[in-house]
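Structure, as C-alpha cells:
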Amino acid sequence: MNEHILMCPPDYFGVEYSINPWMENQIGKVDRKLAQRQWRQFHHPLSQHAKVELIFPSKGTPDMVFTANCGMVWGSNFIPSRFRHPQRQSEEPHFTKWFRDKGFDILDLPENISFEGAGDILPAYDSSLLWAGGSFRTNPEIHVLLARELNCRVISLHLINPHFYHLDTCFCPLKEGVVLYYPGAFDQLSCHLIEQNTNKTITVSDEDAYNLACNAVLIDNILFMNSASESLQEKLKAEGYSVRIVGVSEFMKAGGANKCLTFSWH
Ligand code: ARG
C-alpha cells in the first residue's frame, strides 16, 4: 500500500451555489443521507487498497469533499490550489494546514492566477509527464509555470465544454501510456496532442462522458467509477482492468464523481 489517498467526509456537503453547469437547478436538492452512504460505500473499498487519510471539513465549505482540488504534491512539496471562484477559496487554508502538519513544504504559486490542483493536473501513470487542463478553472499560465518550476514535461490541453470544466472530468491516464478520454471536451489541437503523446487511447461516448466515467480512480488494476456502459467495460477489461461501479449520484449534482472525491500521491 504505497498509494496515499486524502478524502473528506461529506458532513457539510450540499449544493449551496452554482459554479458549474451540473449545479444549476440542484441547489438544496442533495439527499444528505444518501450522500453519506455513497461516500462510505466508496471510502470502504478504497481503504482496503490504499492508505486513505481524512481531512475534516468545516461549516461553509460544501465542496471541500472534492479533495482532488486541494492542490498538488510534488516530492516533498505541496502546492496549494488557488480557487477560481470565491465560494471555494475558504478551503485553501484548511488543505494547506493539513499538508503542512504532515511535514510537506508549502510551495506557493503567485497570487491571482487560478489553479485547481489535481482537478486539472494529472501525472502520467509512470510520472513521465504532466497532463494539464485549462481554461475554465486553471489558468494556462500555470502550465508554463509548473513546467519551469518543477522542471518537467507538461502537455497543455484546452477544455472547451463547460460540463467538463476540470481535466479529471473527461480524461484519465491509465497504465503503459494508455489514456481514457472524451474528445468532445477538448479543442482539436488538444485531441491531437493527446493522440500524439499516448501509446493508445480509449475514447468514451457522450453517454459515458456525461456519467463522468472518465472521473475514475485507478488503484492496482481496479478502476473505481460511477458508471460505465457495457462496451466501455469490455474495452477496459480487455486492457486488463477490473471495473468496480460505485455510484455517487448525489455528488454528480455538484459536478463531481469518484476521482474528484479523492486526492492521491505516492
Ligand atoms: N462543485 C465543485 C466545483 O465546481 C466540484 C468539483 C469537482 N472536482 C473535480 N476534481 N472535478 O468546483
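Remember, it's 1-based here, ligands and their atoms both numbered in the order they're listed. One-based numbering along the sequence shown. Every value quoted in this text rests on a predicted model; they were computed, and no experiment measured them.
- At under 3.5 Å, a nitrogen or oxygen of Ala254, whether backbone or side chain, sits near a nitrogen or oxygen of ligand 1.
- Within the listing of ligand 1, atoms 1 (N) sit less than 4.0 angstrom from a heavy atom of Met23.
- Across all their heavy atoms, Tyr165 and Gly256 have their closest contact at OH-N, 4.4 Å.
- Listed here is the closest heavy atom pair of Lys259 and Val217: CA-CG2, 3.6 Å.
- Closest heavy-atom contact between Asn226 and Gly247: OD1-CA, 3.5 Å.
- Between His85 and ligand 1 there is no heavy-atom distance shorter than 4.0 Å.
- Annotation: Arg88 places an N or O atom under 3.5 Å from an N or O atom of ligand 1; distance criterion only.
- No N or O atom of Asn215 sits closer than 3.5 Å to an N or O atom of ligand 1.
- Between Glu116 and ligand 1, no N or O atom pair is found at a separation short of 3.5 Å.
- Counting the atoms of ligand 1 from 1 in the order shown, those under 4.0 Å from a heavy atom of Gly119 are 10 (N).
- In this structure, Cys214 and Phe164 have side chains that are not in contact, with every pair of non-hydrogen atoms separated by 4.5 Å or more.
- For atom 2 (C) of ligand 1, the closest non-hydrogen atom on the protein side is Asp63 OD2, 3.4 Å.
- Ring geometry, Phe171 versus Phe186: the interplanar angle exceeds 60°, so the pair is classed perpendicular (tilted spans 30 to 60°).
- Of all atoms in ligand 1, listed by their number and element, those nearer than 4.0 Å to a heavy atom of Thr169 are 11 (N).
- For atom 9 (C) of ligand 1, the closest non-hydrogen atom of the protein is Cys260 SG, 2.9 Å.
- Residue Ala68 has at least one heavy-atom neighbour below 4.0 Å for each of these atoms of ligand 1: 10 (N).
- Per-residue contacts place Tyr165 under 4.0 angstrom from the following atoms of ligand 1 (heavy atoms of the residue considered): 4 (O), 5 (C), 6 (C), 7 (C).
- Which parts of ligand 1 touch Arg137 is read off a 4.0 Å heavy-atom cut-off, strictly below it: atoms 3 (C), 4 (O), 12 (O).
- Using bins of under 30°, 30° to 60° and over 60° for the plane-to-plane angle, the ring pair His43/Trp39 lands in the parallel bin.
- The CZ atom of Arg84 lies 10.0 Å from the OG1 atom of Thr138; values are rounded to the nearest 0.5 Å.
- Taken to the nearest 0.5 Å, the NE2 atom of His166 stands 7.5 Å off from the SG atom of Cys260.
- Look at Phe83 and you'll find every heavy atom at least 4.0 Å from all atoms of ligand 1.
- At a 4.0 Å heavy-atom cut-off, ligand 1 does not touch Trp22 at all.
- Listed by number with element, the atoms of ligand 1 under 4.0 angstrom from any heavy atom of Asn20 are 1 (N), 3 (C), 4 (O).
- Annotation: atom 10 (N) of ligand 1 to nearest protein heavy atom, Asp168 OD2, 2.8 Å.
- Ring planes of Trp22 and Tyr210: tilted class, angle from 30 to 60°.
- Within the listing of ligand 1, atoms 3 (C), 4 (O), 12 (O) sit less than 4.0 angstrom from a heavy atom of Ile19.
- For atom 8 (N) of ligand 1, the nearest protein heavy atom (residue, atom name, distance) is Asn69 OD1, 2.9 Å.
- Criterion: ILVMFWY side-chain heavy atoms under 4.5 Å apart, direct or through other members. Under it, Leu109 and Val154 are part of a common hydrophobic cluster.
- A salt bridge is absent between Glu239 and Lys237: the closest approach of a Lys/Arg side-chain nitrogen to an acidic carboxylate oxygen does not fall below 4.0 angstrom.
- For His85, the NE2 atom sits in a packed shell: over 12 heavy atoms of surrounding residues, nucleotides or ligands are nearer than 6.0 Å.
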